[in-house]
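Quick notes on the structure that follows.
So you know, we letter chains A, B, ... as the sequences are listed, proteins then strands, and number each from 1.
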Number of protein chains: 2
Amino acid sequence: MRISALEEYGIRCLLALAENGVRGQASIAEIAEREGISVPYASKLLAILRKAGLVAAVRGRSGGFSISREPKDINLLEVITALGGPLMDEEHCQKYSGQLEECIHTGDCSVMNVLGGLAGYISDYLASNTLEDIMSGNVLNQAKQVNMNEKPAESSPRVDRNLTVLNKRIG
Amino acid sequence: MRISALEEYGIRCLLALAENGVRGQASIAEIAEREGISVPYASKLLAILRKAGLVAAVRGRSGGFSISREPKDINLLEVITALGGPLMDEEHCQKYSGQLEECIHTGDCSVMNVLGGLAGYISDYLASNTLEDIMSGNVLNQAKQVNMNEKPAESSPRVDRNLTVLNKRIG
DNA sequence: AAAAATGTTTACAAAATAGTAAAGTATTTG
DNA sequence: CAAATACTTTACTATTTTGTAAACATTTTT
């Protein structure tokens, strides 16, 4: 489970454009140099971002790329999804249930419960951070779990529990 | 950003052994059949889990694998780390700062702030869920953010904020 | 209109991951 | 001790991801 190269560089390139503002413009060559990646790779990256509607391109001699929305209106979930697809798609079970016809953990699938929960958890984090947050250093730091109740007794393993997570913006 | 195949199947195989209990034993062939994967692939998978100390192997005619600790004492962070490495290692910046000598976003790196925060966030989730939690369907569901304060004014972008995240165990 | 600058597309090469195959080592059973 | 069973290791193939290259299309400038 890792951040892919495309995701990492995509965020960086988008931030570079975001700092230029919606009106500003930068060429592929400029972005590539600034981020230290090759021009062809930057081309590929920016094409993906353009098709996702995150940046706008102008061709021709005085062309270039600009960010298509204000940084505060672009969150990381949209960016990551554009660059690396969803964290967990519909085909996940079909793909990872092995070679059996139907998922062996059919019905109440415990693995899906925890991995689906993880995906939702991550999505929440990503959706909560905009490009503007990142630029201003105002991002969600990792959750610090306090008031973590002890595990429920074995005799009643399905008791619902609440636990408060204290998040703090770092700056 | 995805769950890798090794991680997915590794969790499943480990769960299969966990359901057998610390005393129980299962052969590669049995596990492979149960999970619908090939015997060679299950071999590779279980070898990784053994080297990580998560399962114990007994050779010979009446050999097989067993889980080396109680399910309540094995959390997902350990499993995921064993199967797919850490979410973000020390070389991350070196690897993804492009071809420049030093990271272009040196010092106060905004990208690292948000991605490091994400990694910590995910680690917290994984560390909070044990194999026993998964087996009993007692896993953390995705965070549902309530009391989300509005963004700070542009004039004071670095104001710290707290936001309460309500997590709920599903069952 | 020609040339230069710039984005677009397609194809290809390299590296990492996923999955398979086979030969080897250890233990039990008769 | 010999054969059967089961884990171990190494090597290999296939697929996906990463990154590069080159030809193409569009706009501006002269």
Whole-Å distance, B:I28 CD1 to C:dT20 C1', equals 14 Å
Output for pair (A:K44 NZ, A:L49 CG), nearest 0.5 Å, gives 13.0 Å
B/S/- along nucleotides 23-30 of chain C (protein heavy atoms under 4.0 Å) is --BBBBS-
Atom CD of A:E35 and atom C1' of D:dG19 are separated, to the nearest Å, by 17 Å
One should read off an interatomic distance between A:S68 OG and A:D73 CG, to the nearest 0.5 angstrom, of 10.5 Å
Looking only at heavy atoms, the pair that brings A:I31 and A:L46 closest together is CD1-CD1, 3.7 Å
When rounded to whole Å, the CG to P distance for the pair A:L83 and D:dT17 reads 14 Å
What residues 39-56 of chain A contributes to the DNA chain D interface at heavy-atom separation below 4.0 Å is A:P40, A:Y41, A:K44
Side chain to side chain contact (heavy atoms under 4.5 Å, CB included) filter on A:A52, not counting sequence neighbours, yields A:L54, A:A82
Residues passing the side-chain hydrogen bond (donor to acceptor under 3.5 Å, both in side chains) test with A:R59, sequence neighbours excluded, are none
Rounded to whole Å, CD of B:Q25 lies from C1' of D:dC7 at a distance of 11 Å
ILVMFWY network linking A:F65 to A:V39, side-chain heavy atoms under 4.5 angstrom: yes
| task | Determine whether the side chains of A:N113 and A:S110 contain a donor N or O and an acceptor N or O closer than 3.5 Å. | result | no
Side-chain donor-acceptor contacts of residues 17-28 of chain B below 3.5 Å, not counting sequence neighbours, with atom names and distances?
residue	atom	partner	partner atom	Å
B:E19	OE1	B:R34	NH2	3.4
B:S27	OG	B:E30	N	3.2

message = Between A:I122 and A:I80, is there a side-chain heavy-atom distance shorter than 4.5 Å?
response = no
B:M1 atom CE is separated from D:dT17 atom P, nearest whole Å, by 15 Å
Looking only at D:dT8, C:dT17, C:dT8, the nucleotide nearest the A:R2 side chain is C:dT17
Rounded to whole Å, the CD1-C1' distance (A:I31 to C:dG7) equals 11 Å
When every non-hydrogen atom of A:E35 is compared with those of A:A16, the smallest separation belongs to OE2-CB, 3.8 Å
Whole-Å distance, B:L6 CG to C:dT17 C1', equals 9 Å
Polar-atom pairs under 3.5 Å, protein N or O versus N or O of nucleotides 14-16 of chain D: list them with distances, or write none.
none

Can you label the angle between the A:Y125 ring and the B:Y121 ring as parallel, tilted or perpendicular, going by 30° and 60°?
tilted
When you check the phosphate oxygens OP1 and OP2 of D:dT20, does a side-chain N or O of A:S38 lie under 4.0 Å from one of them?
-> yes
